[in-house]
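Structure, as structure tokens:
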Amino acid sequence: MGYIENDKKIIVNYLTVSYNDAGPDGAPTIILIHGFPLNKSMWNRQMEKLEADYRVIAYDVRGHGKSDSGDDDFSIELFGQDLILLMDALKIEKAMLCGLSMGGYIALNAIENYPERFTALVLSDTNCAADTPESKEKRMKAIESIRKNGVEKYADDSLKKLFAPESFTTNSKEVDKAREMISTTSKQSLYNTLHALAKRKETCSKLPVIKVPVLILVGKEDIITPPEAAHSMHEKIKDSYLHIINHAGHLSNLEKPGEFNEQLKTFSTMVKQKSENLPEKNQLVSEGQNQKIISSYEEVENVLNSKILKITLTINDQYPELSKYLEEMPNTIPDEKTPEITLKNLSSYYESLNSILKKYRANHPKN
Ligand code: MLT
């Protein structure tokens, strides 16, 4: 059964914001930010996949879907502030963000300005670079074209860039849904957002300081934010993992929901396990350990955890047959009983990895 939108409303930054909110109270929160000119319903398949284990929120960025536009000029900075104020209003101290395209621009802006509010990022079909003069000009031409030829024609032109050519036959229902999302966005919001996208600042120079784990996803046939853009972000973010989705264009979550969701689920499980295993800072301080030890400990732990995350994601990505054994792995190290990284818990991790590999080989003698 598909996800049934629960379409809630809240006042944020003096405007009504519409959002879907599902999953258990107290579970780690994942916030999904849609692309342009779409709305929160583009995330329904991801809500469905995640809602058993996470509080999942998908909201309409101002001027999109059922959220108001407000009176201010649109900008990625303003969208970033709206996000933080939405988190405040919903009493969410920290969250993992997953943004597609414009949603990724908003996520990158938010983590740059409020790094302490986020536990992890998923950057899907997005880019850290600002618009080139040519792309700014294309946006201004798009505004002229909407004025002259209307939104339906704009929707038709956009769809050709948003989806991989094969998706028009293999996934025509999703194409129709995207057409509906574009056609129901008001002309004024289209103009305002096109201006906001054209004037957005680059965030590439800020990527090296991102401290949280990042999963980068991109459709192999994405022509708006192509795989090269994803590779370039991957090189700049230390703790990042890149996965390219075949047979998908710019809207990879709609075109290949199964593969997209698998990546998202595995990544969020790792992030969750990692946060559950982190000892409380205050507890360590009160036990008399000094701040220097804590930060060098955290650094080592972050490096190890990110390596383990990469091993696990690689298994999931390249050896789907093997990935079912991953559930038998211990939580990532360190665990609650032995919070410090010791030779013992490291070796228990590698032993268990070895044992699932042995089990896999026994069941798949040809490999
Ligand atoms: C989007 O999907 O959000 C847009 O394609 C972003 C853009 O045009 O830069």
Side-chain angles (χ1 to χ4, degrees), residues 31-43 46 58-65 67 74-80 82-83 97-110 121-146 151 154-164 167 174-175 177-185 189-204 216-230 232-233 245 248-256 260:
I31 302 180
L32 307 167
I33 319 175
H34 62 79
F36 168 78
L38 307 167
N39 61 55
K40 64 180 181 306
S41 67
M42 68 167 268
W43 293 118
Q46 285 67 47
Y59 70 102
D60 287 329
V61 173
R62 69 164 72 204
H64 296 76
S67 287
F74 284 10
S75 65
I76 298 298
E77 284 72 27
L78 180 67
F79 295 161
D82 288 345
L83 166 66
L97 287 182
C98 169
L100 184 138
S101 197
M102 175 179 78
Y105 309 155
I106 300 172
L108 286 170
N109 177 277
L121 283 189
V122 179
L123 299 172
S124 167
D125 301 276
T126 194
N127 198 347
C128 58
D131 265 11
T132 60
E134 294 74 40
S135 27
K136 283 185 208 238
E137 201 183 315
K138 276 192 197 149
R139 298 204 195 272
M140 298 313 122
K141 287 204 169 125
I143 294 177
E144 274 169 41
S145 159
I146 301 166
V151 179
Y154 175 69
D156 278 341
D157 294 345
S158 303
L159 291 170
K160 286 184 203 133
K161 290 181 242 152
L162 292 170
F163 286 92
S167 294
E174 298 302 334
V175 176
K177 278 190 214 154
R179 184 192 309 279
E180 163 88 14
M181 288 186 242
I182 302 173
S183 323
T184 51
T185 307
S189 285
L190 295 174
Y191 304 151
N192 292 350
T193 314
L194 282 162
H195 278 292
L197 294 170
K199 69 180 185 207
R200 77 182 192 282
K201 294 193 197 107
E202 66 82 30
T203 47
C204 304
I216 300 167
L217 297 172
V218 65
K220 193 170 179 198
E221 292 165 61
D222 184 343
I223 54 169
I224 299 178
T225 50
E228 298 81 73
S232 153
M233 291 192 292
I245 303 182
H250 187 59
L251 298 185
S252 57
N253 75 313
L254 295 177
E255 297 175 85
K256 285 278 160 228
F260 189 100

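Order of listing sets the numbers, starting from 1, for every ligand and every atom in it.
Closest to atom 3 (O) of ligand 1, if we only count protein heavy atoms, is Phe36 N, 2.6 Å. The protein non-hydrogen atom at the shortest distance from atom 1 (C) of ligand 1 is Ser101 OG, 2.8 Å. In terms of protein heavy-atom proximity, atom 9 (O) of ligand 1 is closest to Tyr105 OH, 2.6 Å. Annotation: atom 8 (O) of ligand 1 to nearest protein heavy atom, Arg139 NH1, 2.9 Å.
Under the 3.5 Å distance criterion, the side-chain polar atoms of Arg179 are left unmatched by any main-chain donor or acceptor of Glu174. In this structure, His64 contributes its side chain and Arg62 its backbone to a donor-acceptor pair below 3.5 Å. At least one donor-acceptor pair closer than 3.5 Å links the side chain of Asn253 to the backbone N or O of Met42. Ser67 contributes no side-chain N or O that, together with a main-chain N or O of Gly63, makes up a donor-acceptor pair within less than 3.5 Å.
His250 meets the ring pair (Phe, Tyr, Trp, His ring centres under 6.0 Å) test with no other residue; sequence neighbours excluded. By the ring pair (Phe, Tyr, Trp, His ring centres under 6.0 Å) test, Phe74 is found to be paired with Phe79, residues two or more places apart in sequence or in another chain being considered.
Among the atoms of His250, some N or O lies under 3.5 angstrom from an N or O of ligand 1. Annotation: Gly103 places no N or O atom under 3.5 Å from an N or O atom of ligand 1; distance criterion only. Between Met102 and ligand 1, at least one N/O pair is under 3.5 Å apart.
Against a heavy-atom cut-off of under 4.0 Å, Ile224 is close to the following atoms of ligand 1: 5 (O). Counting the atoms of ligand 1 from 1 in the order shown, those under 4.0 Å from a heavy atom of Gly35 are 3 (O).
Neither the backbone nor the side chain of Met42 has any atom closer than 4.0 Å to an atom of ligand 1 (non-hydrogen atoms only).
No side-chain donor-acceptor contact under 3.5 Å links Thr225 and Asp125.
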